[in-house]
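Since the model is a prediction, treat every value here as computed from it, not as a measurement.
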Amino acid sequence: MKKIVCLSFFLLAVPMFLDAQTSSTAKSAATLPYSPSLDVSSMDRSIDPCVDLYTFSCGGWQKKNPIPPDQTSWSVYAKLYQDNLMFLRSMLEEAAKPTPDRNSVTQKIGDFYSACIDETAVEKRGASPIRPELDAIAHVTSTKDLVPVLARLQFTYFRYSYSSSMMFAAGSSQDPDDSEQVIADLDQGGLGMPDRDYYTKDDAKSKETREHYVQHVENVFKLIGETPDAAKKDADTVMRLETAMATASMTRVERRDPHKLGHKMKLADLAQLAPNFDWAAYYREMKYPEFTVLNVDAPAYIKELNTLLGSESIENWKTYLRFHVADISSPFLSPPFVQENFEFYRKYLRGAKEMEPRWKRCVRYVDYDLSEALGQVYVAKVFSPELKASTLDMVRRIEDAMAERIRALDWMSPETKQQALTKLAGIRNKIGYPDKWRDYSSVKIDPKDFAGNVERTHQFESRRDINKIGKPVDHGEWDISAPTVDAYYNSQMNDINFPAGLLQPPVYDPKMDDAPNYGDTGGTIGHELTHGFDDEGSQFDAKGNLKDWWTKQDREKFDARTKCVADQYSSYIAVEDVHVNGELTLGENVADLGGEILAYMAWKDATKDKHLEPIDKLTPEQRFFVGFAQWDCANERPEDLRVRAITDPHSPARYRINGVVVNMPEYKQAFSCKDGQPMVAPAEKACRVW
Ligand SMILES: [Zn+2]
């Protein structure tokens, strides 16, 4: 199991469905542009803030910022990331020049970018980069032969993630009972659509999506040279296999319960659970370090996979693998593959109108595949020690507010409070970038071999991941890159992580007064801290072990309070006929609410000796809340909202703002709202967890 919760979703959703390319319109940026953290021109003051804070704060932004045709949604964070991409592009274009003053780091990122941007070379190669893999699959004649071929494919084509794998996901993970140790981990996976629900739901839209998916699979088969008849038959086979796999897969809501993911067993037990697959041979082939115990997140899935291995012919499995190799590699192959990938994953599923220009895709690949080489060059240009110090100061103030808040809770017993305070004190704060950068010197990067570079970087990451098994955990490791505009909490590490890419205007703005900065970044810090205490994070202790530190009564009271939040968000409409899933989004909603309460307390404390005046006809308290709301100004496509209602643990932007303040008396007071107005929840419905 890997238990990471992020502030935002759009970036993490990217790698699997990366698209492409064609023309380049945007200019490179030598410096990052400045936008203030509170921008009155982004507001719509014709709206009553007691009716709708979100539109009051973001109505102007929404009008000024239509969704670009190459994007599936648009937001303050997405825009900031786009600014980062343009800045990184200028860095990469510089690094791509084969000058003698390049060092080994700039050579790697520059050559990777050069190879990617050369579309003519990519086009000439067609599907040839995956021919060796397709040939290897063709030579398989038995389940025994399948093992080494699958091992090679998994090693080359995926990162450890259950949402982008073949047959199953495997790699390393922290031991759920001893977070200091890294053990082998085995999970469900292997689906081509973004969630198991797409295969199992019966509504008209889900049926339509399945028809489009089967067509996509058929198109991919044709691209690798199959006849129309064979492609059609093979697409049906893939769909049938994946539907059986999906039916046996756990839902996202089930996966939010860490106890449902912890099943440690011996290798011999795994062999008994799924005897139709030679696990020992598989692990030998993947060159895993010797191990005796592994965690199997989803045993029911592995059991079903075993049944399918017995009942489906080897030819059907070869068909399944052929599709997945081509589908996963499509973004790195010639334009027809890229186009087909775009048509289904970005255009049909998520509503994008155009492909992203090639440069943008290439910058993202460098950020994904050589993340810490790129990050190293990036932070040297944008991140100062002063910025790190001021962020740390804010983090400490929010942590102090949390301690104070825990001590003052009227529903929690002193015993549980003591445990909560211990957990809070155990949280590690990681700001900006890793202390030690990853060393890529062993990875060969060739300025003329894009697909090869992608394969070699993926193999490097697979090896790095597997080699952690049996070793103590590295607490310095980061799960997202330094230029990423996002933040996360990892419950097994018990750490909060704020990359350099996030800590810049308009999100964090050293030029602006405290109120909007606390409302925005203070709220983000509070959000990540609260994740340690949401319905999921609260099951892990200060060391990151899955261990109950609650009294029974306190847990019951806590559950009643989180249920209030689940019910509140379940009543919201995500898009058309689709409701927000209050269970799926519970952890994020609890974190949003707790984060803002903490930020408000910390801001009040930080400014208690200052005399604050209104600015732009907004009182300091109003500036706090408008600053908060403006972190998530967004325009969202209905298609994208539909995908996210199934896959994204975060609520749509509007509810991440309005859903929080309806529960805060501080907000009611700041805008002198009256009982009964939409931004004031009736007393019996107001939720407060932390
Ligand atoms: Zn979060």
Should the ring pair Tyr667 and Phe625 be called parallel, tilted or perpendicular, given that the plane angle runs from 0 to 90° and is split at 30 and 60? perpendicular
Any ion pair linking Asp567 and Lys685 (charged N to carboxylate O, less than 4.0 Å)? no
Polar contact flag, side-chain donor to acceptor under 3.5 angstrom, His611-Glu613: yes
Tyr433 ring center near Trp478 ring center (under 6.0 Å): no
For Arg256, is there an ion pair with Asp535 - N to carboxylate O distance below 4.0 angstrom? yes
If only side-chain N and O atoms count, and only distance matters, is there a donor-acceptor pair under 3.5 Å linking Ser651 with Asn589? yes
Are Asn517 and Thr521 linked by a side-chain donor-acceptor pair shorter than 3.5 Å? no
His531 and Glu588 side chains, donor-acceptor separation under 3.5 Å: yes
Asp52 vs Asn658, test: side chain to side chain donor-acceptor pair (under 3.5 Å). Steps then yes/no. CA-CA 7 Å; Asp52 180 357; Asn658 289 351; 2.9 Å; yes
Could you label the plane-to-plane angle of the Trp550 and Trp411 rings as parallel, tilted or perpendicular, counting under 30° as parallel and over 60° as perpendicular? parallel
To the nearest 0.5 angstrom, please state how far the CZ atom of Phe56 sits from the CZ atom of Arg45. 6.0 Å
Is it possible for you to check whether Lys511 lies under 6.0 Å from the centre of the six-membered ring of Tyr34, through NZ or CZ, and within 45° of that ring's axis? yes
Assess whether side chain to side chain donor-acceptor pair (under 3.5 Å) is satisfied between Gln82 and Lys360, documenting all intermediate values. CA-CA 9 Å; Gln82 170 132 316; Lys360 214 188 272 186; 2.8 Å; yes
Which residue is it: Phe558, Trp690, Tyr489, Phe540? I am looking for the one with a ring pair (Phe, Tyr, Trp, His ring centres under 6.0 Å) to Phe533. Trp690
Using side-chain heavy atoms (C-beta onward) and a distance below 4.5 Å, is Thr391 in contact with Met394? no
With a 4.5 Å limit on heavy-atom distance, are the side chains of Gln630 and Asp39 in contact? yes
I'd like to know if the side chain of Arg555 pairs up with that of Thr416 as donor and acceptor (distance under 3.5 Å, no hydrogens or angles considered). no
Quick check: Tyr600 with Phe624 (ring centres under 6.0 Å apart)? yes
Parallel, tilted or perpendicular, as decided by the 30° and 60° cut-offs, for the rings of His650 and His527: parallel
Under a plain distance cut-off of 3.5 Å, with no hydrogens placed, do Asp514 and Thr607 share a side-chain donor-acceptor pair? no
Determine whether Ser41 and Lys64 satisfy the following criterion, side chain to side chain donor-acceptor pair (under 3.5 Å), listing intermediate values before the conclusion. CA-CA 9 Å; Ser41 76; Lys64 282 188 296 185; 2.8 Å; yes
Between atom CE of Met493 and atom CD1 of Ile427, what is the distance when rounded to the nearest 0.5 Å? 13.5 Å
Charged N to carboxylate O under 4.0 angstrom, Asp648 versus Arg252? no
Is the Tyr77-Trp631 ring centre distance short of 6.0 angstrom? yes
CG (Leu529) and CG (Asp534) are apart, to the nearest 0.5 Å, by 12.0 Å
So does Lys604 pair up with Glu621, basic N to acidic O under 4.0 Å? yes
For the residue pair Tyr365 and Tyr368, is the inter-centroid distance of their aromatic rings smaller than 6.0 Å? no
For Thr72 and Ile67, work out which heavy atoms get closest and say how close. C-CG2, 4.4 Å
Which is it for Tyr655 and Asp632 under the side chain to side chain donor-acceptor pair (under 3.5 Å) test, yes or no, and what are the steps along the way? CA-CA 10 Å; Tyr655 306 124; Asp632 206 13; over 6 Å; no
Between Lys668 and Gln677: side-chain donor-acceptor atoms closer than 3.5 Å: no
Under a 4.5 Å cut-off applied to non-hydrogen side-chain atoms, are Arg656 and Phe628 in contact? no
Quick one: does Val680's side chain get under 4.5 Å of Val662's, heavy atoms only? no
Do Asp400 and Arg396 sit within salt-bridge range, that is, some charged N less than 4.0 Å from a carboxylate O? no
When rounded to the nearest 0.5 Å, the distance separating CG of Asp367 from SG of Cys362 is 12.5 Å
Would a distance-only check, ignoring hydrogens and angles, find a side-chain to backbone donor-acceptor pair under 3.5 Å from Asn494 to Asn490? no
Distance check, rounded to the nearest 0.5 Å: Ser75 atom OG versus Leu80 atom CG? 9.0 Å
Approximate separation, where rounding is to 0.5 Å, of Ser73 OG and Arg350 CZ: 7.0 Å
Would Asp44 and Gln62 count as having a side-chain donor-acceptor pair, cut-off 3.5 Å? no
Any side-chain heavy-atom pair from Leu88 and Val366 closer than 4.5 angstrom? no
Ser37 side chain to Asp520 side chain, donor-acceptor N/O pair below 3.5 angstrom: no
Can a salt bridge be assigned to the pair Arg346 and Asp70 using a cut-off of 4.0 Å between side-chain N and carboxylate O? no
Ion pair Asp640/Arg644, N-O distance below 4.0 Å: yes
Check whether any side-chain heavy atom of Pro506 lies under 4.5 Å from a side-chain heavy atom of Val76, and answer yes or no. yes
Between Met91 and Thr106, is any pair of side-chain heavy atoms under 4.5 Å apart? no
Under a 3.5 Å cutoff, is there a donor and acceptor pairing between the side chains of Ser35 and Lys79? no
Phe87 six-ring face occupied by Lys381 cation (under 6.0 Å, within 45°): no
Polar side chain donor-acceptor pair, Thr484 to Asp486, under 3.5 angstrom: no
Is it the case that Gln504 and Asn84 place a side-chain donor and acceptor less than 3.5 Å from each other? yes
NZ (Lys388) with more than 12 external heavy atoms under 6.0 Å: yes
